Trainee: 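Questions regarding the structure given below will be posed in turn.
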2 protein chains.
Amino acid sequence: MKNPNALTIGKLARHGGVNIMTIRYYERRGLLPAPTRTASGYRLYADDAVRRLQFIRQSQLLGFSLTEIQDLLSLRMQPGTTCADIRSRAKEKIGAVEKKIEDLERIKNALTGLASACRGKGPTAECPILEALETK
Amino acid sequence: MKNPNALTIGKLARHGGVNIMTIRYYERRGLLPAPTRTASGYRLYADDAVRRLQFIRQSQLLGFSLTEIQDLLSLRMQPGTTCADIRSRAKEKIGAVEKKIEDLERIKNALTGLASACRGKGPTAECPILEALETK
DNA sequence: ATAAACCCGGTACCTTGGTATAGAGTCAAG
DNA sequence: CTTGACTCTATACCAAGGTACCGGGTTTAT
C-alpha cells in the first residue's frame with residue numbers, strides 16, 4: 001500500500017460505526033468525497049474520512065438533516081465563509097427545535113386533557129376521548 | 001339517489017378538507033370502510049364518513065400515526081373494549097411525546113452551548129462549532 | 001347533444017435515511 | 001490453489017403519508 005493509513009470501506013465502516021452501504025450512500029449524496037481507488041477499483045480512504053464521518057454523525061445527533069449537513073460542509077469549504085455564517089445555521093436550527101418543542105407541548109397538553117376527562121370505566125361508546133376525536 | 005345524504009368521493013373530500021386520492025388511500029389502508037357503489041362503480045358515502053375523516057385528522061393532529069389510528073378504530077369496534085383501553089393508548093402517546101420533548105431539549109441545549117462558544121468572528125477554520133462537530 | 005367536470009383502477013412517484021440483493025470480480029490465508 | 005472474506009456496480013426495497021398520471025367511463029349543465 002502506498003499510504004500506510006489507507007482504509008478499505010469495511011474498515012472505515014467499522015471505525016465509524018456505520019454500515020458499508022451507508023458510506024457508499026453518503027458518497028452518492030456528496031457528503032463524503034470520492035476516495036482514491038486501487039487498480040482493481042477498491043475505495044481507499046485516508047484518515048480524514050473518519051473525521052468526516054464523525055462530523056456527519058454529530059451533526060445528525062444535533063438534528064441536522066443530511067442536506068443541511070451538506071450545506072455546512074460546503075460552507076466550510078468556501079473561502080470567505082465566516083464563523084458567523086455557521087453560527088447562524090446553528091441559531092436557525094435552535095429556532096426550529098424550539099418550534100417543534102412547542103408543538104409537542106401543545107399535543108401533550110391536549111392529550112393530557114383528554115386522558116383526565118376519561119374515568120377509565122365503561123364501554124367505548126361513552127369514551128370522552130373517542131368522542132373528542134370525532135367532534136372537531 | 002336512494003340516500004339523500006350520499007356523498008361522492010369529491011364532495012367527501014371537500015367536506016373533510018382532504019384530497020380525493022387521500023380518501024382512496026385511506027380505504028386501501030383500511031382506515032375508511034369501503035362504501036356502497038352506484039351501478040357504474042362510483043363510491044357513495046354516508047354522513048358518518050365525514051365523522052370518520054374528522055376522527056382520523058384529529059388523531060393525526062395529536063400525533064397518532066395512521067397505524068395507531070387504525071388500532072384505535074378497531075379497538076372501538078371490538079365488543080368488550082373499555083374506555084380504559086383507549087385511555088391507555090392516550091397515555092402511551094403522552095409518554096412518547098414527553099420523550100421526544102426531552103430529546104429535543106437536549107439537542108437545544110447542546111446547540112445553544114455551541115452557538116454561545118462561537119464569537120461569530122473569524123474564518124471557519126477557527127469555528128468552535130465546526131471543531132466540536134468533528135471532534136467526537 | 002356535447003363539453004366540462006367528475007370518477008374509476010392501476011401504477012408510479014415523492015421525501016428521508018438508509019438497507020438489501022444479485023452477480024461479478026478481488027484479496028488473503030491455509 | 002482453493003476457499004472465504006471482501007469489494008464492486010446497479011437496482012430494488014423499507015417506513016409514512018400521501019400525490020400524480022394514465023386511459024378510460026359517467027354525469028351534469030348548457
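Keep in mind that this is a model prediction, so the values were computed, not measured. The sequence lines fix the lettering, A, B, ..., with proteins before strands; numbering per chain opens at 1.
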Trainee: Does the side chain of A:Ser40 get closer than 4.0 angstrom to OP1 or OP2 of C:dC27 through an N or O atom?
Mentor: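 It does, given that an N or O in the side chain of A:Ser40 lies less than 4.0 Å from OP1 or OP2 of C:dC27.
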Trainee: Output the rounded distance in Å from NZ (B:Lys11) to C1' (C:dC7).
Mentor: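 So the two atoms are 12 Å apart, to the nearest Å.
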Trainee: Decide whether A:Arg87 and A:Thr82 meet the rule of one side-chain donor and one side-chain acceptor closer than 3.5 Å.
Mentor: no
Trainee: Both B:Ile9 and A:Val18 contact DNA chain C. Which one's nearest nucleotide lies toward the 5' end?
Mentor: B:Ile9
Trainee: Could you verify whether a donor N or O on one side chain and an acceptor N or O on the other, from A:Thr135 and B:Arg51, lie under 3.5 Å apart?
Mentor: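 Side-chain D/A pair, A:Thr135 to B:Arg51: absent.
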Trainee: Quickly work out the B:Leu61 CG to D:dG17 C1' distance and round it to whole Å.
Mentor: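 Going from B:Leu61 (CG) to D:dG17 (C1'), I get 14 Å.
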Trainee: Just jot down the salt bridge (Lys or Arg N to Asp or Glu O under 4.0 Å) partners of B:Lys91, sequence neighbours excluded, or say none.
Mentor: none
Trainee: Could you run through nucleotides 10-18 of chain C and give me one letter per nucleotide, 5' to 3': B if any protein heavy atom sits under 4.0 Å from the base, S if only the sugar-phosphate is that close, - if neither?
Mentor: -------BB
Trainee: Using atom CD of B:Glu27 as one end and atom P of C:dG9 as the other, report the distance to the nearest whole Å.
Mentor: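 One finds 7 Å between P of C:dG9 and CD of B:Glu27, rounded.
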Trainee: Distance check: side-chain N/O of B:Arg43 vs OP1/OP2 of D:dT26, anything under 4.0 Å?
Mentor: no
Trainee: Of A:Gly41 and B:Thr38, whose closest DNA chain D nucleotide lies nearer the 5' terminus?
Mentor: A:Gly41
Trainee: Rounded to the nearest angstrom, tell me the gap between atom CE in A:Met21 and atom P in D:dC13.
Mentor: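 Distance, rounded to whole Å: 16 Å.
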Trainee: Can you list, pair by pair, the side-chain donor-acceptor contacts under 3.5 Å of residues 14-22 of chain B, counting residues two or more places apart and other chains?
Mentor:
| unit_1 | atom_1 | unit_2 | atom_2 | d |
| --- | --- | --- | --- | --- |
| B:Asn19 | OD1 | B:Met21 | N | 3.0 |

Trainee: Name the atoms and distances for all side-chain donor-acceptor pairs under 3.5 Å in residues 30-41 of chain B, with sequence neighbours left out.
Mentor:
| unit_1 | atom_1 | unit_2 | atom_2 | d |
| --- | --- | --- | --- | --- |
| B:Thr36 | OG1 | B:Leu44 | O | 3.2 |
| B:Arg37 | NH1 | B:Gly41 | O | 2.8 |
| B:Thr38 | OG1 | B:Ser40 | N | 3.3 |
| B:Thr38 | OG1 | B:Ser40 | OG | 3.1 |
| B:Thr38 | OG1 | B:Gly41 | N | 3.3 |
| B:Thr38 | OG1 | B:Tyr42 | N | 3.0 |

Trainee: For the pair made of CG in B:Leu31 and C1' in D:dG17, what is the distance, rounded to whole Å?
Mentor: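 The distance from CG of B:Leu31 to C1' of D:dG17 comes to 11 Å, rounded to the nearest Å.
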Trainee: Taking side-chain contact (heavy atoms from CB on, under 4.5 Å) as the definition, give me every residue that meets it alongside A:Lys93, ordered by chain and number, with sequence neighbours left out.
Mentor: A:Phe64, A:Glu68, A:Val97, B:Leu111
Trainee: What is the separation between atom CG on B:Leu7 and atom P on C:dC6, rounded to the nearest whole Å?
Mentor: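 To the nearest whole Å, that distance equals 15 Å.
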Trainee: Output the rounded distance in Å from CG (B:Leu12) to P (C:dC8).
Mentor: 11 Å
Trainee: Could you tell me how far apart B:Arg37 (CZ) and D:dG25 (P) are, to the nearest whole angstrom?
Mentor: 17 Å
Trainee: Ignoring hydrogens and angles, does a donor from either the side chain of B:Tyr42 or the base of C:dC8 sit under 3.5 Å from an acceptor on the other?
Mentor: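 Per atom types, no contact qualifies.
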Trainee: Which residues pass the salt bridge (Lys or Arg N to Asp or Glu O under 4.0 Å) test with B:Arg76, sequence neighbours left out?
Mentor: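 For B:Arg76 the salt bridge (Lys or Arg N to Asp or Glu O under 4.0 Å) partners, ignoring immediate neighbours, are A:Glu134.
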